[in-house]
Undergrad: 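Below is a structure I'd like to ask you about.
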There are 2 protein chains.
Amino acid sequence: MGLAKTEMFTDHQNEISLFAKVFGHPARVAILQQLFKIDACYCGDLVNEIGLAQPTISQHLKELKHLGLIKGNVEGTSVCYCIHKENWTAMKTVMFEFLNQDLTQKQDCC
Amino acid sequence: MGLAKTEMFTDHQNEISLFAKVFGHPARVAILQQLFKIDACYCGDLVNEIGLAQPTISQHLKELKHLGLIKGNVEGTSVCYCIHKENWTAMKTVMFEFLNQDLTQKQDCC
DNA sequence: AATATTAATCGTAATATTGCAATGAACTAA
DNA sequence: TTAGTTCATTGCAATATTACGATTAATATT
C-alpha cells in the first residue's frame with residue numbers, strides 16, 4: 001500500500017518513527033550537520049554546500065521545520081535557518097530512550 | 001525521482017540516514033521494542049503482538065536483519081529473533097554522535 | 001518604476017515503500 | 001506418507017518520497 005498503519009501503534013512509537021524518518025535521508029543529515037557547524041546558515045549557502053537544486057533543499061528544510069527541529073528567520077530576501085535548540089533537546093530525549101534500551105539483561109537466543 | 005543521490009554525500013552521512021531510515025516506520029520500532037522486552041522472540045509472536053500480516057512482519061524483519069541490528073535463529077519450523085547486541089551498540093555510537101552535536105556554542109540566529 | 005535576488009510553491013516524472021494474498025520451502029507430527 | 005505448522009518469497013496495487021524546471025512572492029537595488 002505504501003501507507004503506514006499508524007493507528008495500530010502507540011503515539012510514542014509513531015513519534016520515534018517520525019523523528020527517525022526525517023533523519024532517514026542523507027541530504028537532511030547534511031543540512032543539520034551544516035547548521036551545527038556554521039553560524040550563518042542561509043538557504044543559499046546550503047544549496048551551494050550540498051549541491052542539490054534549490055527547490056529540493058527548500059523541500060527538505062520544510063520537513064525539518066515541520067517537525068520543529070529547525071527554525072527560519074526572514075532577513076530581507078534571505079532566510080536564515082538554525083537548529084531549534086529546545087526541540088532538538090526534547091527529540092534527543094525521545095530517541096535516546098529508544099536507543100538506550102537495556103541489553104545487559106537479555107538472553108541471547110540466537 | 002524518489003531516489004536519494006547518495007553519491008553526493010559522505011559515507012558517514014549515508015550511514016546515519018540508513019540507520020535512521022530503518023527506525024522510520026512504527027512497525028519496526030514496535031518489533032525492536034518487543035525484542036528488547038521479551039526473551040522468546042518468535043516471528044509468530046511478533047505477528048500476534050503487532051497485528052500486521054505475517055508477510056509484512058517478515059519483510060520488516062528482513063530489513064532489520066539486513067542492517068545487522070537483529071539476528072534470527074531457525075528452530076525447527078520456528079525462527080527466533082533477537083537484538084544483535086554488538087551491532088546495536090555500534091549503531092548507537094554513530095547515532096549518538098550525530099544527535100549529540102554541540103548546541104552550547106551556537107549563536108541563535110533566529 | 002524596472003530589474004535583480006532569494007527562497008517558497010507548483011507540477012510532474014521517476015523511484016521507493018508498504019501491505020497483503022497467494023504460494024513455496026522446510027520441518028514436524030500423525 | 002499425509003497433513004499441519006511456521007516463516008520466507010513472489011507479485012501486485014496503493015501510496016509516499018525525491019528531485020527539479022518553471023513559476024511566483026517578497027524584498028532590495030538601481
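Letters A, B, ... mirror the listed sequences (proteins, then strands); counts begin at 1. Any value given below was found using the heavy atoms of this structure, including those in side chains, with hydrogens, waters and symmetry copies removed.
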Undergrad: Round to the nearest Å and state the distance from A:Lys62 atom NZ to C:dA7 atom P.
TA: 16 Å
Undergrad: What's the closest nucleotide to the B:Ala4 side chain, out of C:dC10, C:dA22, D:dA19?
TA: D:dA19
Undergrad: Output the distance between atom CD1 (B:Ile50) and atom CD (B:Gln34), rounded to the nearest 0.5 Å.
TA: 6.5 Å
Undergrad: In this structure, how many angstroms lie between the C1' atom of C:dG19 and the CE atom of A:Met8, rounded?
TA: 10 Å
Undergrad: Kindly say if A:Thr56 contacts the phosphate of D:dA19, meaning a side-chain N or O under 4.0 Å from OP1 or OP2.
TA: no
Undergrad: Using a cut-off of 6.0 Å, state whether more than 12 heavy atoms not belonging to A:Asp11 lie near its atom CG.
TA: no
Undergrad: Can the ring centres of B:Phe98 and A:Phe23 be said to be less than 6.0 Å apart?
TA: yes
Undergrad: Say whether B:Gln33 and A:Gln101, considering side chains only, have a donor N or O and an acceptor N or O under 3.5 Å apart.
TA: no
Undergrad: Given atom NE2 of B:His25 and atom C1' of C:dT17, what is their separation to the nearest angstrom?
TA: 8 Å
Undergrad: Could you tell me the separation between the CD1 atom of B:Ile70 and the C1' atom of D:dA8, rounded to a whole number of Å?
TA: 13 Å
Undergrad: Counting only Watson-Crick pairs (N1-N3 plus N6-O4 or O6-N4) and G-U wobbles (N1-O2, O6-N3), all under 3.5 Å, who is the partner of D:dT30?
TA: C:dA1
Undergrad: Would you say D:dC20 has OP1 or OP2 under 4.0 Å from some side-chain N or O of B:Lys5?
TA: yes
Undergrad: Measuring to OP1 and OP2 of D:dT17, would you say a side-chain N or O of A:His60 lies under 4.0 angstrom away?
TA: no
Undergrad: Please tell me which of the listed nucleotides, C:dA8, D:dT17, C:dC20, lies nearest to the side chain of B:Gln59?
TA: C:dC20
Undergrad: Nearest whole angstrom, please: distance from the C1' of D:dT27 to the OH of A:Tyr42.
TA: 14 Å
Undergrad: If you check every side-chain atom of A:Val79, which of D:dA16, C:dC20, C:dA8 has the closest atom?
TA: C:dA8
Undergrad: Which nucleotide, C:dT28, D:dC20, D:dT17, lies nearest any side-chain atom of B:Thr77?
TA: C:dT28
Undergrad: What is the distance, to the nearest angstrom, from the CG atom on B:Asn73 to the P atom on C:dA26?
TA: 17 Å
Undergrad: Using a 4.0 Å heavy-atom cut-off, does B:Leu52 contact any base of the nucleic acid, only the sugar-phosphate backbone, or nothing at all?
TA: sugar-phosphate
Undergrad: Is B:Lys21 close enough to C:dT17 that one of its side-chain N or O atoms is under 4.0 Å from OP1 or OP2 there?
TA: yes
Undergrad: Starting from the 5' end of DNA chain C, give me the residue, A:Ile57 or B:Leu3, whose nearest nucleotide shows up first.
TA: A:Ile57
Undergrad: Calculate the interatomic distance between A:Glu7 atom CD and C:dG19 atom P; express it in whole Å.
TA: 10 Å
Undergrad: Between B:Thr89 (side chain) and B:Lys85 (backbone), is there a donor-acceptor pair under 3.5 Å?
TA: yes
Undergrad: Under 4.0 angstrom, heavy atoms only, what part of the nucleic acid is B:Ser58 near: base, sugar-phosphate, or nothing?
TA: base
Undergrad: Rounded to whole angstrom units, what separation is found between the CD atom of A:Gln54 and the P atom of C:dC10?
TA: 14 Å
